[in-house]
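Single-structure report; data block below.
Since the structure is predicted, the reported quantities are computational estimates derived from the model, not experimental observations.
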Protein chains: 4
Amino acid sequence: MKKDVLTIGGHEFSSRFILGSGKYNLDLIKAAVEYAQAQIITLAVRRANTKGNENILDYIPEGVTLLPNTSGARNAEEAVRIARLARELGCGDFVKVEVIHDSKYLLPDNYETIKATEILAKEGFVVMPYMHADLNVARDLVNAGAACIMPLASPIGSNKGLAAKEFIKILVDEIDLPIIVDAGIGRPSQACETMEMGAAAIMANTGIATAGDIPAMAGAFRKAIEAGREAYLSGLGRVLDKGAAASSPLTGFLEK
Amino acid sequence: MKKDVLTIGGHEFSSRFILGSGKYNLDLIKAAVEYAQAQIITLAVRRANTKGNENILDYIPEGVTLLPNTSGARNAEEAVRIARLARELGCGDFVKVEVIHDSKYLLPDNYETIKATEILAKEGFVVMPYMHADLNVARDLVNAGAACIMPLASPIGSNKGLAAKEFIKILVDEIDLPIIVDAGIGRPSQACETMEMGAAAIMANTGIATAGDIPAMAGAFRKAIEAGREAYLSGLGRVLDKGAAASSPLTGFLEK
Amino acid sequence: MKKDVLTIGGHEFSSRFILGSGKYNLDLIKAAVEYAQAQIITLAVRRANTKGNENILDYIPEGVTLLPNTSGARNAEEAVRIARLARELGCGDFVKVEVIHDSKYLLPDNYETIKATEILAKEGFVVMPYMHADLNVARDLVNAGAACIMPLASPIGSNKGLAAKEFIKILVDEIDLPIIVDAGIGRPSQACETMEMGAAAIMANTGIATAGDIPAMAGAFRKAIEAGREAYLSGLGRVLDKGAAASSPLTGFLEK
Amino acid sequence: MKKDVLTIGGHEFSSRFILGSGKYNLDLIKAAVEYAQAQIITLAVRRANTKGNENILDYIPEGVTLLPNTSGARNAEEAVRIARLARELGCGDFVKVEVIHDSKYLLPDNYETIKATEILAKEGFVVMPYMHADLNVARDLVNAGAACIMPLASPIGSNKGLAAKEFIKILVDEIDLPIIVDAGIGRPSQACETMEMGAAAIMANTGIATAGDIPAMAGAFRKAIEAGREAYLSGLGRVLDKGAAASSPLTGFLEK
């Protein structure tokens, strides 16, 4: 098999598991990264900016790409300011745009996200926009210069899985950028199914952070994501509408 | 983490993926076993008995436990005869009892299966009965001396996945023997979900045999099964009934 | 449309909603029967036998067929004794055979059910056996003289809906007797879906008894069951695998 | 029970079934309206404008409110022009705004829809906007003066059912206007489930138009919608997470 790489904004990654850093105990994050074998890890800019003793950056292994997010932004303007600040702080050119002003379901504002994406892409950022799965919006994001599309599976932190399944499938079919599913993936099996559908990568945090054993669950997600990717590339078998199909010879054995 | 082993009839296995051999091209089976890293592989006794040039046994790697099945048996008596023949042919003490006389859906006859299990267990076989997920029948199989319980997920060869999900969960909760889900698992994500529920192992054949790239799909199933097992042992995170839960700090960032 | 009747043991019914009486407050049962427009209502024989002031029979409207059940029976012999007692008490020839010895999930013992069915059918009862959806067992029940097959949708009283969906579909396809789905149907939409699949009738109790407004929910189930039946007879529309299909003229309007 | 009415823009309706007229043979539409007992029926303005012999208006019964839609509009401006034309043609003040420029999945453009809604509401229309279920957009539509919110269940004409279920539930919880689910509802059971969730009404067309017997299916949808509404008002019963709950007395019967 030829090398299978994920390309985002011209950068190549072999891992398809993006780890969120929001909900980890700092003591566990290094271990989780190791088990997850993630090459990209998100970071709330506020945390990078901490003056105190504990800085999340100290726990991120060498060679990992930081993905600062704009959490806290309630509109495009705030997202743009946070992104610029992240670059100034040395977080690099990648930015995950998230614009949220719905405090109960934490759903992204698709149109402020398009606006922020357009501005930041022009400034040379590798923009990864978090969005509610909507084909028209995804097309606008492509035109705005996004480097990938990051639809939510279900509300952040809910662990509810693929609530937007049919609409994510449409994005996979219609959009040429990588579709990276972010938010709501609560179990390895859901991550695996999402990858089988042709998603390019998975971002997860809560599914791991709320598990009993965080490093073990990080490893489980990694394997499930790899399994889903390999299954997608391999080509899934057909599903019978009705009936069954024998896998072993069923009749006449004893007569012979 | 302490070593996690699957124990069947006193024998220990580190792999939780049992590979069916019915539907492979012989050219591919060795590669599939290697990718699957299976330690148990099923075998229709008829194939072990072939006089011709191609014998499936030649393709099975060293160290793999053969699991002859009684496919072709339409009642307990025929299953018992096939099992004894398998032992005479040198296939060892393991036997997967399957009794099928429904030619369209290929569903097992639970009561003939109980009868065959009782006879064979008394003769010292390690009996692995294939059954339709039914708690009362599973209890009878335990009493009959079964070494594990093998409920179907959906009809053989259908790739329809976990149609019997709720009833398999009941078996996992109520039965002390390993629950090994066999038949109908068509995708790695389904295998992963089954393991997350607490199944002890997965047997698959058609999901792999009908894939575009058989060795790659065998590897994908292996990883997905491992992921599901690790997730189960780790403890899955809670699922929100409603709402969302932030993983990054969401408000007040820019005010500071 | 020609008259659509449900025939059980040679008796014709226009209603396809069988109402369970186990969980109602007696004050509400008459109202519920009226709203449900049920023509068959189940009755635990023990209740028919009550010596006290309140007798459930006083609440059953004229013209309704009583269906005594054998609840409390743990094996075929006990079921047969209860059925005979019901006939002696004047409950008529109909009997719902249920044999349960699993105290947590209350799942029927399929094989004791077959035995009781065979004995009672020979004694002239109209036997309606409650069972775990299993095609081989359903065929045995047909041979034993059952007047219909009553598979459970999910465990009694759980309101979990169509957990056995795929296996009930198989019964509908393969068995010539009416398939009457009993247990677990918790909402009108589930009753409707079951009827759309081709089930002949629905029996419900807990979905109604645990509702906020019992008579209103009885009416809702009735309508949903009728809707599902009519949809089944009408022939359901095709489902698109992908894409969409305009229902209104979409383009070129303003150019004209 | 007090009278349960659907209020849209100050107008009261007792029916909660809005019938689409796009896909019917004209010969069948009158019969379908009668069976559906719909009080609102959609109409592509182009059809109202027909010069030929067959005019759909001739088939609409007295007392039915016409709901002209803006199908064919690719942006807000075109939608506004079509709405104004409909009013000039005598179709009244109601208008269903749909703006679609995605030719494969026919998904609405949420932001052009907001713009058109704002303009038309100011002009005194009762605006019913068709949209992709997105809480932030729904809030903007409320602010723009919409009379209700019409999220799609799945792509138009697909009969795929409640693909947007979780996101429609959020709208029901968070938005004070009636949520009228439109597009994708292919079967009465899906309509019923949608109403059980608290939707205010259902609009359907293809599910009926592609049925074998159109008037019968129209009647089936009507009953299912009424059933779902009554179940919602009644209060659905609890669902057990595990186990079962007896509805009849189960033990000790024969000992007495």
Atom OH of B:Y105 with >12 non-hydrogen neighbours under 6.0 angstrom
yes
How close do B:A244 and A:L106 get, heavy atom to heavy atom, and via which atoms?
CB-CD1, 3.7 Å
Which portion of B:D102 sits near chain A, non-hydrogen atoms under 4.5 angstrom:
neither
Report the distance from atom CD of B:Q190 to atom OG of A:S189, rounding to the nearest 0.5 Å.
10.0 Å
So for atom OH, which belongs to B:Y35, do other residues, nucleotides or ligands contribute more than 12 heavy atoms lying within a distance under 6.0 Å?
no
If we define contacts as heavy-atom pairs under 4.5 Å, which of A:S154, A:P155, A:C192 has the most with chain B?
A:C192
Using a cut-off of 6.0 Å, state whether more than 12 heavy atoms not belonging to A:Y130 lie near its atom OH.
yes
Most contact-rich option vs chain A, by heavy-atom pairs under 4.5 angstrom, among B:A183, B:A224, B:A231, B:G184, is B:A231
Contacts of A:R222 meeting side-chain contact (heavy atoms from CB on, under 4.5 Å) (sequence neighbours excluded), chain-then-number -> A:F17, A:Q37, A:E226
In terms of heavy-atom pairs under 4.5 Å with chain A, which of B:E196, B:K160, B:K104 leads?
B:E196
Could I get the full list of side-chain contact (heavy atoms from CB on, under 4.5 Å) partners for A:K165, not counting sequence neighbours?
A:L162, A:K169, A:E193, A:M197
Among B:A191, B:S234, B:A227, which residue has the highest count of heavy-atom pairs closer than 4.5 Å to chain A?
B:S234
Sort out for me which of A:G235, A:A220, A:G186, A:G219 touches chain B most, counting heavy-atom pairs under 4.5 Å.
A:A220
